[in-house]
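What follows is a single structure, written as structure tokens, with notes after it.
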Amino acid sequence: MANEKYLKLVDAKKWKKLAKLGAKKDIETVVEVAEACGSARSEEAYNILVDIMARPEIEAKRAAVKALGCLRYDPDSQITRLRQLNTEGMGDLAELAQASVTQLREYTRERR
């Protein structure tokens, strides 16, 4: 579950601050920022998650992949981004990405 203070930043649309926090070296903070951004519905949150997903740490990638499955911004773009993710040699990341794609497809079907 995302840290309450980061959820408040998402609610307040403090994207620059969240982006800075998502770029920190402290992986715990990065993971919590990703989780909080997954609760949003905006392009800014999507961009932060894409940046976090590009980090080398597997924990950051996992958090961003999960959050992209929860984000309700542009499901088609999110699915494309998840499919382009190189998961080779990264354990369960491919399964997480597929689960997020499935989640987004279900959301898309429900909206129709």
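In what follows, every heavy atom counts, from backbone to side chain, and hydrogens, waters and symmetry copies are set aside.
Distance check, rounded to the nearest 0.5 Å: OG1 of Thr108 to CG of Asp76 gives 6.0 Å. Rounded to the nearest 0.5 Å, atoms NZ (Lys13) and CG (Asp11) are 8.0 Å apart. For the atom pair Asp74 CG and Arg41 CZ, the distance stands at 12.0 Å (nearest 0.5 Å). Interatomic distance, CG of Leu18 versus SG of Cys37, reported as 5.0 Å (0.5 Å rounding). In this structure, NZ in Lys17 is found 9.0 Å from OH in Tyr6, a value given to the nearest 0.5 Å. The distance from atom CG of Leu21 to atom NZ of Lys14, rounded to the nearest 0.5 Å, is 12.5 Å.
At least one donor-acceptor pair closer than 3.5 Å links the side chain of Ser42 to the backbone N or O of Ala45. The backbone N or O of Val65 lies less than 3.5 Å from a partner atom in the side chain of Ser100, making a donor-acceptor pair. Side-chain atoms of Arg55 do not come within 3.5 Å of backbone N or O of Ile27 as any donor-acceptor pair.
Within 6.0 Å of CD in Glu57 there are more than 12 heavy atoms belonging to other residues, nucleotides or ligands. A 6.0 Å sphere centred on CD of Glu28 holds no more than 12 heavy atoms belonging to other residues, nucleotides or ligands. Within a 6.0 Å radius of NZ in Lys66, no more than 12 heavy atoms belonging to other residues, nucleotides or ligands are found.
Linking Ile, Leu, Val, Met, Phe, Trp and Tyr residues whenever their side-chain heavy atoms come within less than 4.5 Å places Ile58 and Leu85 in a single cluster. The cluster map of Ile, Leu, Val, Met, Phe, Trp and Tyr, joined by side-chain heavy atoms under 4.5 Å apart, puts Met53 and Val101 in the same cluster. Tracing side-chain contacts under 4.5 Å through hydrophobic residues (I, L, V, M, F, W, Y), one reaches Val30 starting from Trp15; they form part of the same cluster. Leu9 and Tyr73 end up in different hydrophobic clusters when Ile, Leu, Val, Met, Phe, Trp and Tyr side chains are linked at under 4.5 Å. Under a hydrophobic-cluster definition in which Ile, Leu, Val, Met, Phe, Trp and Tyr are linked whenever side-chain heavy atoms come within less than 4.5 Å, directly or via other members, Val10 and Ile52 are assigned to the same cluster.
In plain terms, the two heavy atoms of Ala64 and Leu49 that are nearest each other are CB-O, 3.6 Å. In plain terms, the two heavy atoms of Thr87 and Ala94 that are nearest each other are OG1-CB, 3.4 Å. Residues Arg81 and Leu68 share a closest heavy-atom pair of CG-CD1, 4.4 Å.
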Could you go through Leu104 and Arg109, starting from their C-alpha distance and side-chain angles, then the distance that decides it, and tell me whether this counts as side chain to side chain contact (heavy atoms under 4.5 Å, CB included)? CA-CA 9 Å; Leu104 290 165; Arg109 281 188 215 116; over 6 Å; no
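Residues meeting the side chain to side chain donor-acceptor pair (under 3.5 Å) test with Ser77, sequence neighbours left out: Tyr46.
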